[in-house]
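Below, chains carry the letters A, B, ... as their sequence lines are ordered, and counting in each starts from 1. Below, each value reflects all heavy atoms present in this structure, side chains not excepted, and no hydrogens, waters or symmetry copies.
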2 protein chains.
Amino acid sequence: MSYRPTAKTRARQKAQHESLLKTAVSIVARDGFHGLTISRLARETGIATGTVYKYFDSKAHLCAEVFRRATEREVDMVRAASFPDQPAPCRQRLTDAVTIFAERAILGGRLAYALIAEPVAPAVEQERLIYRKAYAGIFEQLIEEGVETNEFPDQSPSVSAAALVGILAEVLVAPLGRGDAATDQSLLIDPIRKFCLRAIALRETA
Amino acid sequence: MSYRPTAKTRARQKAQHESLLKTAVSIVARDGFHGLTISRLARETGIATGTVYKYFDSKAHLCAEVFRRATEREVDMVRAASFPDQPAPCRQRLTDAVTIFAERAILGGRLAYALIAEPVAPAVEQERLIYRKAYAGIFEQLIEEGVETNEFPDQSPSVSAAALVGILAEVLVAPLGRGDAATDQSLLIDPIRKFCLRAIALRETA
DNA sequence: TAAAGAAGTGAACCATGATTCACATCTATT
DNA sequence: AATAGATGTGAATCATGGTTCACTTCTTTA
């Protein structure tokens, strides 16, 4: 034999993979998954279309990674708000979690819409479900705890958690799909927060 | 001249249009919008593909009509529950509306999923937004009334209405997209109803 | 520097499915 | 029955965009 991939080589490999992913996310942030095509990704990255396939098995895999990359941090933030280091009452943590989600979704703009609401191919939708479940799982755990400590009235944690996800997606993100971006989204945060508190904690304030 | 479309002709035209639409809805009910292709529609209707275009300008138009056809009745049912002939307290009407939506969605099964949650082409998504807005409009009016009569606590009717739509879509219909159909959906109705009542009316029962 | 294994290239290929169109057939009028 | 307008036909055409592949160009090792 006479060639072995070396550290430097593999670093370049990884860097290129990274670069592609970064470009892909930026395309999605601009034009959604709809705008993400292999040839455009190649063009913007400055390589040939075929080369993309040296780094990703298929477009589905690429989309999945883009999705993962863009969503993981979001989920982590919501998780951190739900289960902070400092102890806090469940209703406060719920409020914080909703707030964090909302603020970041608003900040994310087009990207948030792509991740949460944009119509996408079934393969991508599959990935999306994973992250919806991730959010739901966090909420569910929090609600369970709240019910146990009697901070929250008796309820189905799984249903309530899914409902929260639905609320956030529909109220906050779906409007981006329409021209409704006119509305100042930050005005939505407070009503949403209150709505969620009433629904989960049966009270108006944290 | 020597030919003028007559009543009988136009009746046949209309019947054919109707027949196509009916077949299209049935295809969507079986395999979603994903399964609706012009050639399949033609095949199942027993005509040539080209003929479909004598009745629909484009697939987008066809989908829009399918959507309209399948959704209009649903919206009407929810509207009727929200604004019944007999006077009733807003919280009761809210409960009824949610219940009707839920029961019909469960009955609708695959079709409900296609209408509410299935990933679809942007053109169809556009149509979907119209009907989401229709539901939201009904809820909004009802909530407004409830706030005015002090049955419901002060809140943003538009936000609360959108939230309701999100809840129903996510909790009830989205699971159909996964294999979660295992769960008996009718068990979801009561928790959802209670969740919505808490959120909107700040109480647990109608 | 020669050989082997990677990585890069981009035009060709393929799959899907909507849309068209030249032609045949039907229906209503004269 | 002859004709004009309408409708029906379905194979061919288009459009889009993912995927492949024969080939070139690097990298590393001997």
Side-chain angles (χ1 to χ4, degrees), chain A residues 1-21 23-24 27-28 31-66 118-127, chain B residues 1-21 23-24 27-28 31-66 118-125:
Chain A
M1 90 232 55
S2 53
Y3 176 84
R4 288 261 54 195
T6 183
K8 187 164 67 167
T9 302
R10 231 166 294 154
R12 190 172 312 169
Q13 166 90 11
K14 198 174 159 190
Q16 183 69 299
H17 185 272
E18 187 58 27
S19 162
L20 277 165
L21 215 44
T23 307
I27 289 173
V28 172
D31 296 327
F33 280 97
H34 174 71
L36 181 61
T37 67
I38 301 292
S39 64
R40 178 171 172 193
L41 172 59
R43 190 166 357 101
E44 292 201 13
T45 305
I47 60 175
T49 57
T51 309
V52 173
Y53 283 85
K54 298 283 183 206
Y55 295 92
F56 299 94
D57 291 341
S58 69
K59 187 180 182 186
H61 285 74
L62 166 68
C63 287
E65 283 206 45
V66 167
E118 182 192 356
V120 293
V124 182
E125 184 70 19
Q126 207 50 39
E127 201 68 19
Chain B
M1 89 231 53
S2 54
Y3 176 82
R4 288 261 53 193
T6 182
K8 187 164 65 166
T9 301
R10 232 165 294 155
R12 191 170 311 167
Q13 166 90 10
K14 197 175 160 190
Q16 184 68 302
H17 185 272
E18 186 58 26
S19 164
L20 277 165
L21 215 44
T23 306
I27 290 174
V28 172
D31 296 328
F33 280 98
H34 173 72
L36 181 60
T37 67
I38 300 292
S39 63
R40 178 170 171 192
L41 173 59
R43 190 166 357 102
E44 291 200 15
T45 307
I47 61 176
T49 56
T51 308
V52 173
Y53 284 85
K54 298 284 184 214
Y55 295 93
F56 299 93
D57 291 342
S58 69
K59 188 179 181 185
H61 284 75
L62 166 68
C63 286
E65 283 207 46
V66 168
E118 183 191 356
V120 293
V124 181
E125 184 69 20

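Taking the side chain to side chain donor-acceptor pair (under 3.5 Å) definition, one finds that A:S58 meets it with A:H61, sequence neighbours left out. In this view, B:Q16 satisfies the side chain to side chain donor-acceptor pair (under 3.5 Å) rule with no residue, not counting sequence neighbours. Shown here are the salt bridge (charged side-chain N to carboxylate O under 4.0 Å, His left out) partners of A:E125, two or more places apart in sequence or in another chain: A:R128. Under the side chain to side chain contact (heavy atoms under 4.5 Å, CB included) criterion, B:P122 pairs with no residue at all, not counting sequence neighbours. In this structure A:E65 satisfies the salt bridge (charged side-chain N to carboxylate O under 4.0 Å, His left out) test with no other residue, sequence neighbours excluded.
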All N/O contacts under 3.5 Å from nucleotides 14-16 of chain D to the protein, with atom names and distances to one decimal?
none

Just the atom pairs and distances: protein N or O near nucleotides 9-11 of chain C's N or O, under 3.5 Å.
{"residue": "C:dT9", "atom": "OP2", "partner": "A:A48", "partner atom": "N", "Å": "2.8"}
{"residue": "C:dT9", "atom": "OP2", "partner": "A:T51", "partner atom": "OG1", "Å": "2.9"}
{"residue": "C:dG10", "atom": "N7", "partner": "A:G50", "partner atom": "N", "Å": "3.2"}
{"residue": "C:dA11", "atom": "N6", "partner": "A:T49", "partner atom": "OG1", "Å": "3.4"}

Would you list the protein and nucleotides 13-16 of chain C atom pairs, both N or O, that sit under 3.5 Å from each other?
none

Distances for protein N or O near nucleotides 24-27 of chain D N or O, under 3.5 Å:
{"residue": "D:dT27", "atom": "OP1", "partner": "A:R12", "partner atom": "NH1", "Å": "3.2"}

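Relative to the axis of its first five pairs, the axis of the last five pairs of the helix from C:dT1-D:dA30 to C:dT30-D:dA1 sits at 10°, rounded to 10 degrees.
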Please list every donor-acceptor pair under 3.5 Å in which a side-chain atom of residues 33-54 of chain B meets a protein atom from a residue at least two apart or in another chain.
{"residue": "B:T37", "atom": "OG1", "partner": "B:R40", "partner atom": "N", "Å": "3.2"}
{"residue": "B:R40", "atom": "NE", "partner": "B:E44", "partner atom": "OE2", "Å": "2.9"}
{"residue": "B:R40", "atom": "NH1", "partner": "B:D31", "partner atom": "OD2", "Å": "2.9"}
{"residue": "B:R40", "atom": "NH1", "partner": "B:G35", "partner atom": "O", "Å": "3.3"}
{"residue": "B:R40", "atom": "NH2", "partner": "B:D31", "partner atom": "OD2", "Å": "3.0"}
{"residue": "B:R40", "atom": "NH2", "partner": "B:E44", "partner atom": "OE2", "Å": "3.4"}
{"residue": "B:E44", "atom": "OE1", "partner": "B:R30", "partner atom": "NH2", "Å": "2.8"}
{"residue": "B:E44", "atom": "OE2", "partner": "B:R30", "partner atom": "NH1", "Å": "3.4"}
{"residue": "B:T45", "atom": "OG1", "partner": "B:L41", "partner atom": "O", "Å": "2.7"}
{"residue": "B:T51", "atom": "OG1", "partner": "B:A48", "partner atom": "O", "Å": "3.4"}

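Taking 4.0 angstrom as the limit, A:Y55 places a side-chain polar atom (N or O) nearer than this to OP1 or OP2 of C:dG8.
If you measure from atom CZ of A:R10 to atom C1' of C:dA7, you get 14 Å, rounded to the nearest angstrom.
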